[in-house]
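Remarks on the structure that follows.
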Amino acid sequence: MAPGSGVCKEVFESHPKFANFDLALSKAEKNGTPIRSIIGSSEKHGVSSSNGVYELLECPVCTNLMYPPIHQCPNGHTLCSNCKIRVHNCCPTCRLELGNIRCLALEKVAESLELPCRYHNLGCHDIFPYYSKLKHEQNCQFRPYNCPYAGSECSITGDIPTLVAHLKDDHKVDMHDGCTFNHRYVKSNPHEVENATWMLTVFNCFGRQFCLHFEAFQLGMAPVYMAFLRFMGEDYEAKKFSYTLEVGGYGRKLIWQGVPRSIRDSHRKVRESQDGLIIPRNLAIFFSGGDGQELKLRVTGRIWIEQ
């Protein structure tokens with residue numbers, strides 16, 4: 001036991017990996033292998049190295065790659081900063097108190113590494129310096145999309161074809177082919193609807209998919225309805241399209257023209273930015289006949305490609 005170190009009584013689950021750091025480096029030096037090759041050669045094909053530097057950089061608790069500050073116990077066992085908090089400053093391997101020792105050598109070696117994006121199996125074939133990889137992955141265009149269904153919280157993620165099938169089969173969302181639409185929304189007792197979200201339909205237009213949303217919420221003190229369109233793809237692709245929404249009755253109408261938002265933006269984010277057709281409740285009731293007993297709105301619109 002290292003002098004001044006205490007033994008933790010609590011036992012935490014860890015994934016044991018005894019790969020000696022100096023041994024991994026010396027093997028690489030003897031073979032004339034650049035450090036970056038130890039990881040890059042195996043990760044490019046989605047196969048993790050079973051030993052060497054790659055294994056050393058995996059946290060034994062969460063198994064994620066570690067980023068500075070990388071902590072170590074007096075016996076040299078390492079773990080990431082998030083897990084250091086989780087294990088209450090107790091080494092999960094030898095159960096010594098961790099203290100505040102940094103593994104500066106491992107942090108330095110990580111600087112020389114290059115790794116493929118974790119989404120290489122989904123189409124991203126770029127290689128990144130170790131400390132740039134995480135930032136890239138947070139915005140990688142090949143990362144899975146969240147389910148765009150707005151009627152409930154859904155944890156499903158996937159590519160666009162997977163989510164289209166999921167929306168149709170699991171959420172029973174209506175699918176519509178065409179770039180023009182005419183959707184009627186009917187609701188009894190509109191004064192009772194204070195906060196609600198609906199996904200009305202998904203449009204297959206120009207070979208791409210668009211989600212039409214309709215929501216009721218309070219804008220300040222005023223109850224409103226809002227309709228907007230989201231694009232199932234990246235933001236730079238969404239900007240190639242424009243759309244209009246129109247609602248009215250009795251000789252009056254409201255018209256909105258805008259650019260669909262990518263489903264990378266949540267429906268809540270779009271709503272809070274007010275980027276869509278906003279209909280005050282009193283006007284929606286007027287469009288519905290004025291008696292206030294039933295909401296009957298006809299939302300029409302079209303989608304086109306900007307030249």
Side-chain angles (χ1 to χ4, degrees), residues 1-121 127-140 143-144 153 155 157:
M1 183 185 299
S5 299
V7 178
C8 299
K9 294 182 179 179
E10 299 172 88
V11 178
F12 297 91
E13 180 182 0
S14 65
H15 303 267
K17 292 178 297 199
F18 295 97
N20 185 277
F21 177 60
D22 295 327
L23 179 60
L25 288 182
S26 62
K27 284 182 179 179
E29 291 168 354
K30 288 179 181 179
N31 296 331
T33 305
I35 295 300
R36 66 184 60 186
S37 300
I38 296 175
I39 295 182
S41 59
S42 60
E43 271 293 285
K44 285 180 183 178
H45 303 288
V47 181
S48 300
S49 171
S50 61
N51 50 39
V53 179
Y54 182 84
E55 188 173 86
L56 288 170
L57 287 166
E58 284 187 344
C59 174
V61 178
C62 66
T63 71
N64 293 326
L65 290 177
M66 296 185 288
Y67 294 88
I70 298 175
H71 298 277
Q72 68 176 23
C73 76
N75 284 333
H77 303 122
T78 57
L79 77 166
C80 71
S81 56
N82 287 335
C83 289
K84 181 176 184 288
I85 299 172
R86 289 173 55 194
V87 301
H88 306 295
N89 204 39
C90 177
C91 177
T93 304
C94 67
R95 287 172 249 166
L96 288 181
E97 292 182 5
L98 286 166
N100 293 301
I101 307 172
R102 290 271 295 273
C103 188
L104 299 177
L106 192 55
E107 292 179 9
K108 189 68 176 178
V109 169
E111 291 181 1
S112 66
L113 302 176
E114 290 185 343
L115 294 171
C117 174
R118 68 183 296 182
Y119 303 120
H120 60 275
N121 289 334
I127 306 295
F128 298 91
Y130 187 83
Y131 291 137
S132 300
K133 177 176 178 285
L134 187 62
K135 183 177 180 180
H136 160 78
E137 289 171 350
Q138 292 172 345
N139 297 288
C140 178
R143 71 191 189 279
E153 295 296 329
S155 60
T157 63

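All values reported here derive from a predicted model rather than from experimental measurement.
Expressed to the nearest 0.5 Å, how far CG of L96 lies from NE2 of H77 amounts to 8.5 Å. N100 contributes atom CG, which lies 4.5 Å from atom NZ of K84 (distance to the nearest 0.5 angstrom). The structure places CG of L106 at 5.5 Å from CE of M66, a figure rounded to the nearest 0.5 Å. Here the CD1 atom belonging to I85 is positioned 10.0 Å from the CG atom belonging to L79, to the nearest 0.5 angstrom. Separation of atoms CG (L115) and OG (S132) is listed at 10.5 Å; rounding is to 0.5 Å.
The salt bridge (charged side-chain N to carboxylate O under 4.0 Å, His left out) search around K108 returns E111, not counting sequence neighbours. By the ring pair (Phe, Tyr, Trp, His ring centres under 6.0 Å) test, Y119 pairs with no residue at all, sequence neighbours left out. In this view, H136 and F128 satisfy the ring pair (Phe, Tyr, Trp, His ring centres under 6.0 Å) rule, not counting sequence neighbours. Here E107 pairs with R102 under the side-chain hydrogen bond (donor to acceptor under 3.5 Å, both in side chains) rule; sequence neighbours left out.
Side-chain contact between V109 and L56 is absent, with no heavy atoms from C-beta onward closer than 4.5 Å. Side-chain atoms of C62 and R86, non-hydrogen and from C-beta on, do get closer than 4.5 Å to each other. Proximity of L65 to E58: side-chain heavy atoms (C-beta onward) are separated by under 4.5 Å at one or more points.
Scanning all heavy atoms of the two residues, the minimum distance from C91 to L98 falls at N-CG, 3.7 Å. Nearest heavy atoms, E137 versus R143: O-CD, 3.7 Å. Considering all non-hydrogen atoms of both residues, Y131 and Y67 come closest at CD2-CD2, 3.7 Å.
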* Would N64 and N82 count as a side-chain contact (heavy atoms from CB on, under 4.5 Å) if you check the C-alpha gap in whole Å, the side-chain angles of each, and the deciding distance to 0.1 Å? -> CA-CA 10 Å; N64 293 326; N82 287 335; over 6 Å; no

* Verify side-chain contact (heavy atoms from CB on, under 4.5 Å) between R95 and V87, making sure each step is shown before the conclusion. => CA-CA 10 Å; R95 287 172 249 166; V87 301; over 6 Å; no

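In terms of modelled atom types and a separation under 3.5 Å, the side chain of K133 and the main chain of E114 share no donor-acceptor contact.
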